[in-house]
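Handing you a structure now.
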Amino acid sequence: MSDSNISSSSSSSSSSSSSDSASIVTFDQNVRRNGRMIDDGDTFSPKVRRWRDVFWLAIFMLHLIALGFVLVLLGLNRFKKSDRLNIDRYTNRVWEHNNGLTENYWPKYAVAGGVGAALGWIWLLLLGSHANLMMKVSVHILTTYLAVISVLCFWCKQFFWGVAFATGAALQFLYVISVVDRLPFTMLVLQKAVKMVGSLPEVMRVAYAFMAVMLLWMGIWSFGAAGVVASSRGDLGRWWLLVVLSVSLFWTGAVLCNTVYVIVSGLVFLVLIHGGRNASPMPPNPLMKSLRYAVTTSFGSICYGSLFTAAIRTLRWKIRGFRSKIGNNECLFCCVDFLFQLVETLVRFFNKYAYVQIAVYGKGFNRAARDAWELFQSTGVEALVAYDCSGAVLLMGTVLGGLITGTCAGVWTWMTWSDRVIMIGSTAMLMGMVLVGLAMVVVESAVTSIYICYAEDPLLIQKWDPQFFNQMSEKLRQRLQHRSALAREILTQNEHDTHMQDIFHL
């Protein structure tokens, strides 16, 4: 399967066919090194941390205040009385006669919030005993669920959404087929991450607390969204307002999820470098220190990274899976490869591994992302990270939770207001994804911390779980050999093409 750095590997292996052994020797040197091992004084250093990315912190807070005011106005305008605040007179779009009130639609969003929170809490409760089963179900059920919703949309004469969900089902199926050989290793990594999180009961309390905070904000958000759905604007005006509100909810949800990400990854990192939760060198109150840094000095970096990281990661997964299945279509491969290289460049500046660097060292987001990526590439661990698709598997679980939430709200809406099913269902789906994502991020942050620790010093993982260390080391050897073989194959093909061109010119 193709990997992200084949082109760079081909140039570095042009000397001879000894690139296999060179890669393995480099890896062995990385495994045996201990000079890079993190100094305990650098982790959660007592010195005062600088505030990072303050501009984005200010933008996010202003956005919350302004949007909260607008949401309250939109909800009150249709609460118990049609056009209470006389806002509809400013609408210069298509008008329609609509007697809907905010309270007609707000209960539908309450159901969405309840279902999403319940799914998230169930995930956290079953984290220790049935997490792997739930993740396997997410991978295999999501395609079917998307296809079923597509059929329902066609049945309700919603052609656009039917095509959208059908396309999503097809892309999901192709992606799972393209990464099916990676799933055993991915499930192994996820299992170890669950083991790590299971030994930290305070992590669950943090997730529950942030889920409660998100529910409070969703109460305000859904009040305004229900007012938009009930308004007298035409469908176009309502949809544009809902899109703006949805982008805001996505950003807010991503910020809360990534705040949990920073808190949990910082705590997991500490456990790994000290050799256990109850190790004597552990600093006092590590959770409170991680929480304080996450919501103060590092919060601006979290707000900044939350804008772009999720979208770039999802695009990278899809392009990577599609790129590996193109075949011999050189024209299509060149186009996709160009997009892939572009996305890979963006990944250097926006990747989830930055959050561990933020948690531990208090760096700004872009610097943390670059440092994490350079660390992976300099140690060869990037080959293993590119092979693992744990983030995609967790995203599938998040999407499935959102779809279930949207379906519950949409079915109830269809019984009373059939022309508002798509509006309520799509926004309720986003609410469910945010709430379930808060639970999933607990495991994902542990996965990220494991990879960062393995890149910093593999002996940290060996000390924590020797068998898992051996499995990771063997898989990394295989990936380095695979990349070297691909690079040598590309080099041989290029030499052959050059030779044929010389013959042609002669």
Side-chain angles (χ1 to χ4, degrees), residues 93-94 96 105 108-109 112 115-116 138-179 225 228-229 233-247 249-250 310-327 329 331-332 335-336 339-340 343 392-393 395-415 417-434 436-437:
R93 296 286 183 179
V94 179
E96 63 179 30
Y105 303 102
K108 278 71 172 178
Y109 285 115
V115 172
S138 300
V139 171
H140 298 293
I141 295 298
L142 181 57
T143 302
T144 303
Y145 205 102
L146 285 167
V148 170
I149 293 180
S150 173
V151 172
L152 291 176
C153 288
F154 283 122
W155 182 64
C156 294
K157 299 181 179 179
Q158 296 288 340
F159 183 78
F160 172 80
W161 291 102
V163 171
F165 281 111
T167 303
L171 291 176
Q172 168 65 13
F173 177 76
L174 291 174
Y175 179 76
V176 172
I177 293 298
S178 68
V179 301
V228 171
V229 176
R233 295 169 181 82
D235 280 345
L236 182 62
R238 275 195 294 266
W239 271 114
W240 273 112
L241 277 174
L242 287 176
V243 167
V244 172
L245 296 183
S246 296
V247 170
L249 181 63
F250 177 82
I312 292 173
R313 285 170 55 200
T314 305
L315 185 61
R316 183 175 185 245
W317 290 330
K318 296 302 181 183
I319 293 178
R320 184 186 293 278
F322 185 64
R323 184 172 180 259
S324 64
K325 296 297 181 182
I326 290 177
N329 190 327
C331 180
L332 183 59
C335 294
V336 174
L339 292 176
F340 183 77
V343 172
V393 171
L395 178 62
M396 292 176 196
T398 301
V399 173
L400 181 61
L403 288 172
I404 294 173
T405 303
T407 301
C408 293
V411 168
W412 187 16
T413 305
W414 182 76
M415 295 178 180
W417 308 87
S418 58
D419 59 332
R420 299 289 186 267
V421 171
I422 300 299
M423 286 186 182
I424 299 291
S426 58
T427 47
M429 173 184 167
L430 179 59
M431 293 174 63
M433 288 179 61
V434 170
V436 177

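As the structure is a prediction and not an experimental result, all values here were calculated from the model. Quick note: numbers below take in every heavy atom, side chains included, and nothing from hydrogens, waters or symmetry partners.
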Test log, rule side-chain contact (heavy atoms from CB on, under 4.5 Å), inputs Met396 and Val176: CA-CA 10 Å; Met396 292 176 196; Val176 172; 4.2 Å; yes
Looking at side-chain heavy atoms only, is the closest gap between Lys108 and Val229 below 4.5 Å?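 Of all side-chain heavy-atom pairs linking Val229 with Lys108, none is under 4.5 Å.
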Do any N or O atoms from the side chain of Thr405 and from the backbone of Met429 form a donor-acceptor pair under 3.5 angstrom?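 Not confirmed, Thr405 side chain does not pair with Met429 backbone.
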Closest approach of Ala147 and Ala169, non-hydrogen atoms and distance?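 In this case the closest contact between Ala147 and Ala169 is N-CB, 3.8 Å.
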Say you draw a straight line from OH of Tyr175 to CG of Leu142; how long is it, rounded to the nearest 0.5 Å?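 So the gap between those two atoms works out to 12.0 Å.
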For Phe165 and Cys153, work out which heavy atoms get closest and say how close.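 That would be CD1-SG, 3.9 Å.
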Main-chain N/O of Leu403 paired with Thr407 side-chain donor or acceptor, under 3.5 Å: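 Pair found, side chain donor or acceptor close to backbone of Leu403.
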Can you give me the closest heavy-atom contact between Val139 and Gln172, atom names plus distance?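 Taking Val139 first and Gln172 second, the nearest heavy atoms are O-NE2, 3.8 Å.
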CD1 on Ile149 to CD on Gln158, rounded to 0.5 Å: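 Taking CD in Gln158 and CD1 in Ile149, the distance rounds to 13.5 Å.
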Leu395 and Val399: CA distance, side-chain angles, deciding distance, side-chain contact (heavy atoms from CB on, under 4.5 Å) verdict: CA-CA 6 Å; Leu395 178 62; Val399 173; 4.2 Å; yes
Could you tell me the separation between the SG atom of Cys156 and the CH2 atom of Trp161, rounded to the nearest 0.5 Å?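 So the gap between those two atoms works out to 13.5 Å.
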Rounded to the nearest 0.5 Å, what separation is found between the CG atom of Leu242 and the CD1 atom of Ile422?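 The distance works out to 12.5 Å.
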Could you pull out the closest heavy-atom pair between Ala428 and Tyr109, with the gap in Å?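 In this case the closest contact between Ala428 and Tyr109 is N-CE2, 4.2 Å.
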Side-chain heavy atoms of Met423 within contact of Tyr105, under 4.5 Å: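 The answer is no; the side chains never approach within 4.5 Å.
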Flag if over 12 foreign heavy atoms under 6.0 Å of CH2, Trp412: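 Yes.
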What heavy-atom pair brings Gly401 and Val436 nearest, and what distance separates the two atoms?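 Scanning both residues completely, I find the closest heavy atoms to be CA-CG2, 4.0 Å.
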Determine whether Ile404 and Tyr145 satisfy the following criterion, side-chain contact (heavy atoms from CB on, under 4.5 Å), listing intermediate values before the conclusion. CA-CA 9 Å; Ile404 294 173; Tyr145 205 102; 3.9 Å; yes
Can you tell if the side chain of Ser246 reaches within under 4.5 Å of the side chain of Thr427, non-hydrogen atoms only?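 Answer yes - side chains close enough.
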Looking at Phe154 and Val163, what are the two nearest heavy atoms and their distance?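 Heavy atoms of Phe154 and Val163 come nearest at CZ-N, 3.5 Å.
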